[in-house]
Amino acid sequence: FERTITLEGSSCRVSYHIINKSDDSLPYLWAWHALWDLADLTIHLPPEAHTVIPVHDNTFLGTKDTPLSWPGCPPYDLRFPSQWKKKTTTKIYLHPNIHIGEAILEWPNVHLLVQWDSSLLPYFGIWYNHGGFKNEYNIAIEPTTGYYDRLDLAAAHQKVSILSPHASHSWELCLSILLCEMDHLLK
């Protein structure tokens, strides 16, 4: 496993590379799990991101594995997690047939565009922690190689990446600080 971080102007490119050195196929799951402050945060997803699925048993969004519309409904608009009233955590994924390659995290003084190749990272989740875990307030947007957080569950859903014997896989994320208006940024 290798990770390389490159700064390019107002962008940061994070590249990953894995190699299977064995004679057997290797199922694997990788998810980006960088935590971001959710104070005054707005989450922007492309228009095709219209259906999400809660994957926690204790979800306040409805029954686990039951699709719901993005961005949710009051009092839990998923775009504005800092406005939620109760302490809670949850995890959602985009429906596994919806593939996006970018998201924007917007705070009052900065916008962060995160981009990836959705053919290499085909699934997308969001972890919300609104004080429900360690009394912290953060989120993680998670482009990922598998659908669900655990390899066994991803394999059970047949939504896991497989690395052939002696093969490799590379992917990258690009994080860009935006110095422009939000209109027309998402495709």
Side-chain angles (χ1 to χ4, degrees), residues 1-38 41 43-56 70 78-79 90-107 110-129 138-178 182 184-187:
F1 177 84
E2 296 175 8
R3 179 179 62 192
T4 305
I5 300 173
T6 308
L7 298 177
E8 303 168 355
S10 63
S11 295
C12 174
R13 188 167 306 280
V14 186
S15 303
Y16 298 87
H17 184 75
I18 59 172
I19 301 171
N20 180 1
K21 296 182 178 182
S22 78
D23 294 330
D24 299 314
S25 292
L26 178 67
Y28 71 96
L29 187 147
W30 177 89
W32 193 51
H33 194 74
L35 296 177
W36 302 95
D37 182 10
L38 69 73
L41 171 69
I43 303 167
H44 299 275
L45 300 180
E48 61 267 31
H50 52 75
T51 304
V52 297
I53 299 173
V55 296
H56 280 178
W70 172 267
L78 299 170
R79 296 170 298 180
T90 196
K91 175 72 177 269
I92 62 169
Y93 277 90
L94 284 183
H95 188 282
N97 295 332
I98 299 173
H99 307 287
I100 63 172
E102 61 188 357
I104 294 175
L105 301 179
E106 176 189 358
W107 293 273
V110 67
H111 302 144
L112 180 69
L113 172 64
V114 182
Q115 297 174 299
W116 59 93
D117 184 336
S118 63
S119 69
L120 302 174
L121 300 170
Y123 308 105
F124 179 79
I126 303 177
W127 156 252
Y128 294 89
N129 180 16
N138 49 43
I139 65 134
I141 60 169
E142 300 182 357
T144 181
T145 62
Y147 178 70
Y148 274 62
D149 284 343
R150 292 183 7 210
L151 185 59
D152 61 330
L153 293 176
H157 285 91
Q158 299 179 358
K159 304 289 185 195
V160 67
S161 294
I162 306 289
L163 196 56
S164 300
H166 306 284
S168 65
H169 184 191
S170 298
W171 63 93
E172 64 184 20
L173 300 169
C174 182
L175 290 70
S176 301
I177 297 172
L178 302 176
M182 289 293 301
H184 310 294
L185 285 175
L186 293 175
K187 297 174 186 164

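These numbers come from the heavy atoms of this one structure, side chains and all, not from hydrogens, waters or symmetry mates.
Between Ile19 and Ser168, the closest side-chain pair of non-hydrogen atoms falls below 4.5 Å. With a 4.5 Å cut-off on side-chain heavy atoms, Val114 and Ile104 do not count as touching. With contacts defined as side-chain heavy-atom distances shorter than 4.5 Å, the pair Tyr128/Leu38 does not qualify. Counting heavy atoms from C-beta on, the side chains of Glu142 and Lys91 come closer than 4.5 Å. Under the 4.5 Å side-chain criterion, counting only non-hydrogen atoms from C-beta, Cys12 is not in contact with Cys174.
More than 12 heavy atoms of other residues, nucleotides or ligands sit less than 6.0 Å from atom CG of Leu35. Surrounding CD of Gln158 are at most 12 heavy atoms belonging to other residues, nucleotides or ligands under 6.0 Å away.
Judged by distance alone, with hydrogens and angles left aside, the side-chain atoms of Trp32 form no donor-acceptor pair with the main-chain N or O of Leu173 at under 3.5 Å. The backbone N or O of Thr145 lies less than 3.5 Å from a partner atom in the side chain of Ser161, making a donor-acceptor pair.
Of the N and O atoms on the side chains of Asp24 and Ser22, not one donor lies less than 3.5 Å from an acceptor on the other residue.
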- Item | Worked check of side chain to side chain contact (heavy atoms under 4.5 Å, CB included) between His99 and Leu121 | CA-CA 9 Å; His99 307 287; Leu121 300 170; over 6 Å; no
- Message: If you apply the rule side chain to side chain contact (heavy atoms under 4.5 Å, CB included), what do you find for Leu78 with Ile43, and how did you get there?
- Response: CA-CA 8 Å; Leu78 299 170; Ile43 303 167; over 6 Å; no
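Residue Tyr93 is tested with Tyr147, Trp127, Phe124, Trp70 for a ring-ring contact (aromatic ring centres under 6.0 Å, His included); the sole match is Tyr147.
Here CD of Glu172 is found 10.5 Å from CD of Gln115. Values are rounded to the nearest 0.5 Å. Here the straight-line distance linking atom CG of Asn97 with atom OH of Tyr123 works out to 8.0 Å at 0.5 Å rounding.
Of all heavy-atom pairs spanning Leu105 and Ile139, the tightest one is CD2-CD1, 3.9 Å.
Here the two rings, on Trp30 and Trp171, have centers that are under 6.0 Å apart.
Residues passing the side chain to side chain contact (heavy atoms under 4.5 Å, CB included) test with Ser164, sequence neighbours excluded: Ala167.
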